[in-house]
2 protein chains.
Amino acid sequence: MANIEDVAKLANVSIATVSRVLNNKGKYSEKTKIKVLKAIEELNYKPSSQAKHLAKVKYGFKIGVLISSRIKNILEKKRNEYGEMDFYSTVLKGIYDGANENKAEIILMTFEEFINKKKECDGILVLGSDKIPDYILNCNIHKVLVDNYIVGKKINAIISNGFDGAYYVVDKMIKRNYKRIIHIHGPLEFYGFRRRFEGYELAMKQNNLLPITYEVAETQESINYIIDLILAKKPEVVFTSNDPIAIMVLNALKSKNVKVPENVQIIGFDDIVFSASTEPSLSTVKVFKYEMGNVALERVIELINGKNLHPYVTSLFTEFIERKSTKGV
Amino acid sequence: MANIEDVAKLANVSIATVSRVLNNKGKYSEKTKIKVLKAIEELNYKPSSQAKHLAKVKYGFKIGVLISSRIKNILEKKRNEYGEMDFYSTVLKGIYDGANENKAEIILMTFEEFINKKKECDGILVLGSDKIPDYILNCNIHKVLVDNYIVGKKINAIISNGFDGAYYVVDKMIKRNYKRIIHIHGPLEFYGFRRRFEGYELAMKQNNLLPITYEVAETQESINYIIDLILAKKPEVVFTSNDPIAIMVLNALKSKNVKVPENVQIIGFDDIVFSASTEPSLSTVKVFKYEMGNVALERVIELINGKNLHPYVTSLFTEFIERKSTKGV
DNA sequence: TTGTACGCGTTATCAA
DNA sequence: TTGATAACGCGTACAA
C-alpha cells in the first residue's frame, strides 16, 4: 500500500501539501491539486484510518452524550427501583474510559440542551431508549444510539443481543433436561423484549417443546395477578424478560410458599445490581453495560475519522450468570 | 491518560522495559516487573490500541480467509446460478482492500487446508453460511464469521440486517398505500430468511395488515406450484426472501401473462448481479457485500490488536434499490 | 503557496 | 537484563 510519502514523491510536492489537498484544508494552487490527485489515483492511495486517528488524537475530540430528562433524574439519584441508575452509570463509565483513551472530551447534556451545544460536538452518543426528538435523529452529526435501536432508520446503534442470550440460557436449561420452561415478558412492542421472546421461542421450538408465555406490566400487582395461572402449569423454570420482573416473580412465589430453586427455578435478564442480593440470589443473563458504552465511544470516534462509515447495529453477546435461583448442573 | 513514557518514568526504567513486561516478551527481572506493574496500576495505564496497531503494522498481519469446498468451486466459476460467485467475490474484494490498507496478508484456504496452516494465522475470517467444522469453531484464534451467525455460540460475526431491510421496504410499500403485500420465503430455519420474514411480519402488523406468507424451496418448480395460490390472493406486491426467488416468481408470472409491475409488483432481496438485467429489472434490497468484507477485516485486526475484545454481531443496514418491477412513487 | 519537522504510542533491533 | 532509537502513516504548527 502506498503511503502519503509515495504520493508526495510522485507528485513532486511535500506530504503536507498532499494532506492539504486530501482534507481540503489550507491553501494550495489548482495546479498542485491536479498533480496530487493524479498521483493518488495512480498509486491507488488510501490514507490509513489508524494513522489518521493517531495524528488527530493529539488535538482531541468532543463527544456529546445525550440523555433524556428522565435519565438525567435517574442519574441524579432521584429514583433507582429498576437498577436503571446502575445501568446508565455503568454505561457512562464505559464511555468515559473510552474517551480517556482517545483524548476525547465528554459533554453530558439533555436532549434540550443539545439544541444550543450542537456546534461544539464532533459526534454524539444518544443514551437509552426514551423517545428521541426528530431534531436529534435528523441532525447531520455522526451519531450512535446506545441501548436503543430504531427499526427502519439506519442509524448506528449499540445494543445487547437479547435474542442470543435468551436462546442460550433456555437451550442450556433444556439440556439439563427441564421441559416446562415458561417465559414471562414485558410488552413485545419494545424491541428488546421481543428479541428475548424470540430467542426463548426458538430454543423451545428447536427442541420440540411448546413455548408458554405470559405478558405482564412491570408491576408487582401485574405479576401477583397471574402467578396462580403460572403455577398451574407446574413450571420447572421461569425465564423472565428482565431482572425486575424476575424479582417480582420471586416475591410472588415466596408469598405462596413456593421454594426457589427447589420447586421452581427463576432466571432473569440484565444482571442489575440488586440481583446478587435477593434471597435466593438471582441467576440471570448479564448485559455488558460497560462494554456497551466503551464500544459506542469507539464507534463514534471511528465515524469521526471516516472509518467504516456504512451504518450498522452492534449487538453485544451476553453471559449466563448462575446464582442460587437455579439448581446448577 | 498516562502514556508509556509516564509509566517508564515512574518505574524508573525505559519504555522498552515497560513494553517487555506488558507483553511478556524478552528478558526482565522479577524486581523490574513488580516496579513496572506497580506504576501501571498507579497511573491506570492502558496502551492505546491505535498506537499499538501503528507499531505493529510495520511487521504485517496474516489473516486466513476460510471457505468451504463448495464456495471454492463457486469462486472458480464452476457455477453461478444464484449470483453466489458475485456475492463472494465482492465480499472478498472488501476483505482484500481492507487487508491492503492494514498491511495484512490474506491467505485464502478451504476448511480442510486450515488444519495445516493454522499456525501461520494471526486471525481468521470464515466466509459463508455453509456448516463450519468444530475444529474451526473451537480453535483459539481470533475469528470473525462473515455472512454467517451461529446462535448461542458467541462468535464475532458480520451479517446484513435483513430484519431492518425487510421492515423498511414493506413499510415503504404500505405508505404508498398498497395493502395486499405477500411474502414468499425460503426455509425459516435459516437465520437470514427468518429475520427477513420477521421484518416483513412486523411492518404488516404495525400497520394493521394481515401477513400472508408462503414457504418455498429455491427451485422454479416449487414456485410454479404455488403461483396460482398466490395470484388468488390478488397481491399488489410480492416481496421475496431473496433475488433468485424473486426472479423465479417473475418467470412464473410471465408464463401466466401477468404484467409486472402493472398487475403485480415484485421486490427481491440481496441485489445480485442478475437483478439489474431481468425484464423488467428487479427492485430489490441491496446487501452491502463489499462493506461486509471490509468491516470483517477491520474487526479481526481490532481483535488481534486487543481492542473491543467482547464479542458481538455486526448487522449492516441495507438499501432499497428501486428498478422497474415496482411502480415507483 | 509550499515544505520541514514534530508528535501520537508501541515495538524490534542493536548496543551496552 | 536493560536502554536508546528508529520506524509505522498521518496531520498540522511553524518556518520559508
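Since this is a predicted model, take the numbers as computed values, not measurements. Sequence lines set the chain letters: A, B, ... in the order given, protein chains first and strands last, and positions in each chain run from 1.
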Could you tell me whether the phosphate oxygens of C:dG3, OP1 or OP2, come under 4.0 Å of any side-chain nitrogen or oxygen in A:Thr17?
yes

With a cut-off of less than 4.0 Å, is there a side-chain N or O of B:Lys25 near OP1 or OP2 of C:dA12?
yes

I'd like to check B:Lys289 versus B:Asp271 (side-chain heavy atoms, cut-off strictly below 4.5 Å). Are they in contact?
yes

Are OP1 or OP2 of D:dG3 and a side-chain N or O of B:Ser14 less than 4.0 angstrom apart?
yes

Six-ring centre of A:Tyr59, A:Lys56 cation under 6.0 angstrom, axis tolerance 45°:
no

On a heavy-atom basis, which atom in B:Thr318 and which in B:Asn161 lie closest, and how many Å separate them?
CG2-O, 4.0 Å

Comparing nearest nucleotides in DNA chain C, the 5'-proximal residue of the pair B:Lys46, A:Lys58 is A:Lys58

Taking atom P of D:dA7 as reference, at what distance in whole Å does atom NE2 of B:His53 sit?
19 Å

CD1 of A:Ile304 versus P of D:dC10: gap in Å, rounded?
20 Å

Which nucleotide, C:dA5, C:dA12, D:dC8, lies nearest any side-chain atom of A:Ile15?
C:dA5

So which one's nearest nucleotide on DNA chain D is more toward 5', B:Thr32 or A:Ala16?
B:Thr32

Mind calculating the distance between CD (A:Glu101) and P (C:dG9) to the nearest angstrom?
10 Å

Hey, are A:Asn102 and A:His53 close enough side-chain-wise for a donor-acceptor pair under 3.5 Å?
yes

Just call it for B:Val18: base, sugar-phosphate, or nothing, with non-hydrogen atoms closer than 4.0 Å on any strand.
nothing

Look at all strands and tell whether B:Lys52 reaches a base, only sugar-phosphate, or nothing, counting heavy atoms closer than 4.0 Å.
sugar-phosphate

Whether B:Ser29 contacts D:dT2 is assessed here as follows: a side-chain N or O lying under 4.0 Å from the phosphate OP1 or OP2. Is that the case?
yes

Output the rounded distance in Å from CD (B:Gln50) to C1' (D:dG9).
13 Å

Taking the minimum atom-to-atom distance to the side chain of A:Leu54, which one of C:dG9, D:dG3, C:dT2 wins?
C:dG9

Relative to A:Tyr168, does B:Lys154 satisfy both conditions: NZ or CZ under 6.0 angstrom from the six-membered ring centre, and within 45 degrees of the ring's axis?
yes

How long is the line joining CG of B:Leu43 and P of C:dG9, in whole Å?
13 Å

Send over the distance from A:Tyr59 OH to D:dC10 P, rounded to a whole Å.
15 Å

Choose from D:dG11, C:dT2, D:dA4 the nucleotide whose nearest atom is closest to any side-chain atom of A:Leu22.
D:dG11

Does the gap between the ring centers of B:Phe61 and B:His142 come in under 6.0 Å?
no

Below 4.0 Å: OP1/OP2 of C:dT11 and any side-chain N or O of B:Asn23:
yes

Whole angstrom is fine here: how far is it from CD1 in A:Ile4 over to C1' in D:dT12?
11 Å

Of D:dC10, D:dG11, C:dT4, the nucleotide closest to the side chain of A:Asn3 is D:dC10

Listed nucleotide nearest any side-chain atom of B:Ala55, set D:dG11, C:dT2, D:dC8:
D:dC8

Just the rounded figure in Å: distance from C1' of D:dG11 to NZ of A:Lys27.
19 Å

Should B:Tyr45 be listed as having a side-chain N or O under 4.0 Å from OP1 or OP2 of C:dT10?
yes

